[in-house]
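Just follow the structure's listing: the first ligand is 1, and inside any ligand the first atom is 1. Residue numbers count from 1 along this sequence.
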Amino acid sequence: MNEVLNAIKNRRSVRAYLPTQIKQEDLDLIIESGIYAPSGHNDQPWHFTVIQNKEIIQHISDKSKELMTKSQIDWIKNIGLNSKMNLAYDAPTLIIVSGNKNALSPKVDCSAAIQNMLLAAESLNIGSVWIGLITFFFKLEDEIKKLGIPDGYEPYYGVALGYKVLNKELTAPKRNLNVVNYIR
Ligand SMILES: Cc1cc2nc3c(=O)[nH]c(=O)nc-3n(C[C@H](O)[C@H](O)[C@H](O)COP(=O)(O)O)c2cc1C
């Protein structure tokens, strides 16, 4: 299989990280891969906030979890109540991906950028996971003001990056393959 197909097939959501920081040159390549994603109307509406401060990442996780405890949805509430859980799995790098609200399709475009980054990370043997649960943190206006996100941009998702702890084989959740119909 070629390299691209290998990265697509082998990428897994990684939920255990070594504390060692990833190399700046690898981070640059991962962000560049995000920047090379397709975007509606070629708006390129993304912005990346790279957080490499353990305390700030922990704070984002704690604040998100505080709000999650108020959720009506049991599994979300339970994660909020789990004092040991860090939503970024103690990864040394957390990237917050924000989109320009005036673009044609900013959230879709940012999602394409994120997927490119996850695949680039895999190709560099760096672990990653897309983090939706920190959207709880994004509800806290005073908090997001501190992140230096440009005016007119809205934070959508987080991406955790770091070297994988490989104490168990990461297996792909079973895929439902019955999702295609053909018209010929
Ligand atoms: C929009 C989105 C949000 C996600 N949010 C989280 C999250 O907050 N925490 C987490 O551990 N995984 C999160 N994931 C990862 C999924 O759980 C994961 O992709 C899925 O279980 C399939 O596993 P795989 O990535 O190893 O193929 C998210 C994925 C997407 C696309």
Side-chain angles (χ1 to χ4, degrees), residues 1 3-18 30 33-34 37-40 45-49 51 56-99 105-140 143-144 147 153-179:
M1 233 187 308
E3 260 187 85
V4 175
L5 294 177
N6 262 327
I8 290 171
K9 208 71 190 285
N10 292 333
R11 179 211 57 80
R12 292 279 68 76
S13 291
V14 172
R15 298 189 173 93
Y17 293 93
L18 299 175
I30 291 168
S33 302
S39 60
W46 33 68
H47 177 83
F48 306 97
T49 304
I51 305 176
I56 295 174
I57 296 174
Q58 186 66 50
H59 177 72
I60 291 172
S61 172
D62 291 344
K63 285 282 175 189
S64 307
K65 280 167 55 190
E66 222 174 279
L67 293 179
M68 287 165 70
T69 59
K70 297 179 185 127
S71 173
Q72 304 294 313
I73 302 166
D74 276 350
W75 69 267
I76 291 182
K77 188 174 174 166
N78 288 338
I79 293 176
L81 290 169
N82 180 345
S83 59
K84 292 203 189 101
M85 168 106 181
N86 176 300
L87 294 185
Y89 304 97
D90 299 310
T93 294
L94 173 67
I95 302 181
I96 291 177
V97 182
S98 307
S105 47
K107 199 166 187 179
V108 174
D109 302 339
C110 286
S111 297
I114 291 172
Q115 181 64 6
N116 267 16
M117 293 196 289
L118 304 185
L119 294 176
E122 173 59 29
S123 77
L124 297 165
N125 203 20
I126 289 171
S128 67
V129 59
W130 187 325
I131 304 180
L133 287 173
I134 59 165
T135 48
F136 284 89
F137 180 79
F138 301 151
K139 293 178 187 154
L140 304 170
E143 293 283 352
I144 56 172
L147 295 176
Y153 282 66
E154 183 181 355
Y156 294 130
Y157 293 113
V159 176
L161 294 169
Y163 297 117
K164 309 169 193 176
V165 171
L166 287 177
N167 48 12
K168 58 175 182 175
E169 182 81 8
L170 295 174
T171 47
K174 194 174 183 313
R175 263 41 183 185
N176 175 12
L177 301 177
N178 184 22
V179 289

Exactly one candidate in I95, T93, L147 meets side-chain contact (heavy atoms from CB on, under 4.5 Å) with I51; the answer is L147
Pair M117-L161, side-chain contact (heavy atoms from CB on, under 4.5 Å): steps then yes or no: CA-CA 10 Å; M117 293 196 289; L161 294 169; over 6 Å; no
Can you tell me if K63 uses its side chain to pair, donor with acceptor, with the backbone of L140 under 3.5 Å? no
Just so I know, are the side chains of Y157 and I131 near enough to count as touching, which here means a heavy-atom distance under 4.5 Å? no
Provide, line by line, the atom pairs where ligand 1 and the protein bring an N/O atom each to a distance under 3.5 Å; else say none.
{"residue": "ligand 1", "atom": "5 (N)", "partner": "W130", "partner atom": "O", "Å": "3.2"}
{"residue": "ligand 1", "atom": "5 (N)", "partner": "G132", "partner atom": "N", "Å": "2.8"}
{"residue": "ligand 1", "atom": "8 (O)", "partner": "G132", "partner atom": "N", "Å": "3.0"}
{"residue": "ligand 1", "atom": "8 (O)", "partner": "L133", "partner atom": "N", "Å": "3.0"}
{"residue": "ligand 1", "atom": "11 (O)", "partner": "R15", "partner atom": "NE", "Å": "2.7"}
{"residue": "ligand 1", "atom": "11 (O)", "partner": "R15", "partner atom": "NH2", "Å": "3.3"}
{"residue": "ligand 1", "atom": "11 (O)", "partner": "Y89", "partner atom": "OH", "Å": "2.5"}
{"residue": "ligand 1", "atom": "12 (N)", "partner": "R15", "partner atom": "NH2", "Å": "3.1"}
{"residue": "ligand 1", "atom": "14 (N)", "partner": "W130", "partner atom": "O", "Å": "3.1"}
{"residue": "ligand 1", "atom": "17 (O)", "partner": "R15", "partner atom": "NH2", "Å": "3.0"}
{"residue": "ligand 1", "atom": "19 (O)", "partner": "S13", "partner atom": "OG", "Å": "3.3"}
{"residue": "ligand 1", "atom": "25 (O)", "partner": "R11", "partner atom": "NH1", "Å": "2.8"}
{"residue": "ligand 1", "atom": "25 (O)", "partner": "R11", "partner atom": "NH2", "Å": "3.2"}
{"residue": "ligand 1", "atom": "25 (O)", "partner": "S13", "partner atom": "N", "Å": "3.4"}
{"residue": "ligand 1", "atom": "25 (O)", "partner": "S13", "partner atom": "OG", "Å": "2.6"}
{"residue": "ligand 1", "atom": "26 (O)", "partner": "R12", "partner atom": "NE", "Å": "3.0"}
{"residue": "ligand 1", "atom": "26 (O)", "partner": "S13", "partner atom": "N", "Å": "2.8"}
{"residue": "ligand 1", "atom": "27 (O)", "partner": "R11", "partner atom": "NH2", "Å": "3.1"}
{"residue": "ligand 1", "atom": "27 (O)", "partner": "R12", "partner atom": "NH2", "Å": "2.8"}
{"residue": "ligand 1", "atom": "27 (O)", "partner": "R175", "partner atom": "NH1", "Å": "3.3"}
{"residue": "ligand 1", "atom": "27 (O)", "partner": "R175", "partner atom": "NH2", "Å": "2.8"}

Has S64 got a side-chain atom pairing as donor or acceptor with F136's backbone, closer than 3.5 angstrom? no
Listing, residues 3-14 side-chain donor-acceptor contacts under 3.5 Å, not counting sequence neighbours, or none:
{"residue": "N6", "atom": "ND2", "partner": "M1", "partner atom": "O", "Å": "3.3"}
{"residue": "N10", "atom": "ND2", "partner": "N6", "partner atom": "O", "Å": "3.2"}
{"residue": "R12", "atom": "NH1", "partner": "K9", "partner atom": "O", "Å": "3.0"}

